[in-house]
Amino acid sequence: MLQTVVAIVPLVFFIWFVAPALSVSSTWGNISNSAQLLHAENVAQGSSPEKYVEDEIKYPTNGIGNGRIITGIRAFDQVTNNTGGHATIYSGGPGFNFVHIKLQSQYNYGLIFRVEIYGK
Ligand SMILES: *[C@@H]1O[C@H](CO)[C@@H](O)[C@H](O)[C@H]1NC(C)=O
Ligand SMILES: *[C@@H]1O[C@H](CO)[C@@H](O)[C@H](O)[C@H]1NC(C)=O
């Protein structure tokens with residue numbers, strides 16, 4: 001029994017602390033069950049040798065929003081083999097009616113993200 005625990009503890013620590021750093025999905029704000037999906041976007045960018053690949057998501061896409069306030073945002077990294085990228089909010093976000101998100105790959109790799117923006 002003790003041996004099993006000793007074997008599992010390092011594994012749990014690995015999953016908690018190491019795995020999130022490799023495949024980075026992010027959530028900002030608060031996505032309640034009653035929140036409405038304001039916008040969803042899938043981004044796929046192939047890798048480029050010796051480069052960081054980037055993409056941007058702007059909501060509202062045409063610059064004219066419907067006045068809805070964003071309550072929460074999720075960026076799902078769809079790459080499961082530890083070569084995925086990460087998402088950063090540049091401006092706006094929860095509490096605002098707009099958001100500008102930047103997606104960046106790891107060096108030499110591509111990006112596959114699904115971003116969902118919720119509001120009320
Ligand atoms: C998130 O939403 C839940 C459900 O509406 C609410 O109870 C909670 O206070 C909210 N938390 C924040 C930090 O806004
Ligand atoms: C990792 O996964 C991505 C997307 O599924 C794929 O395009 C890429 O070739 C994979 N890379 C490696 C090193 O397996």
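When a ligand or atom number is given, it counts from 1 through the structure's own listing order.
- Between Y118 and R74 the shortest side-chain heavy-atom distance falls below 4.5 Å.
- The two atoms that bring D55 and Q45 nearest to each other are OD2-NE2, 2.8 Å, heavy atoms only.
- At a 4.0 Å heavy-atom cut-off, the residues surrounding ligand 2 are V79, N81, T83, I112, listed by chain and number.
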(request) Under the side-chain contact (heavy atoms from CB on, under 4.5 Å) rule, what do I57 and L103 come out as? Steps first, then yes or no, please. (result) CA-CA 8 Å; I57 290 177; L103 305 171; 4.2 Å; yes
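- Residue I117 forms a side-chain contact (heavy atoms from CB on, under 4.5 Å) with just one option from I70, I31, L37, T71, and that option is I70.
- A side-chain donor-acceptor contact under 3.5 Å links Q106 to the backbone of N82.
- Put simply, the side chain of S105 never gets that close to the backbone of G85: no donor and acceptor are under 3.5 Å apart.
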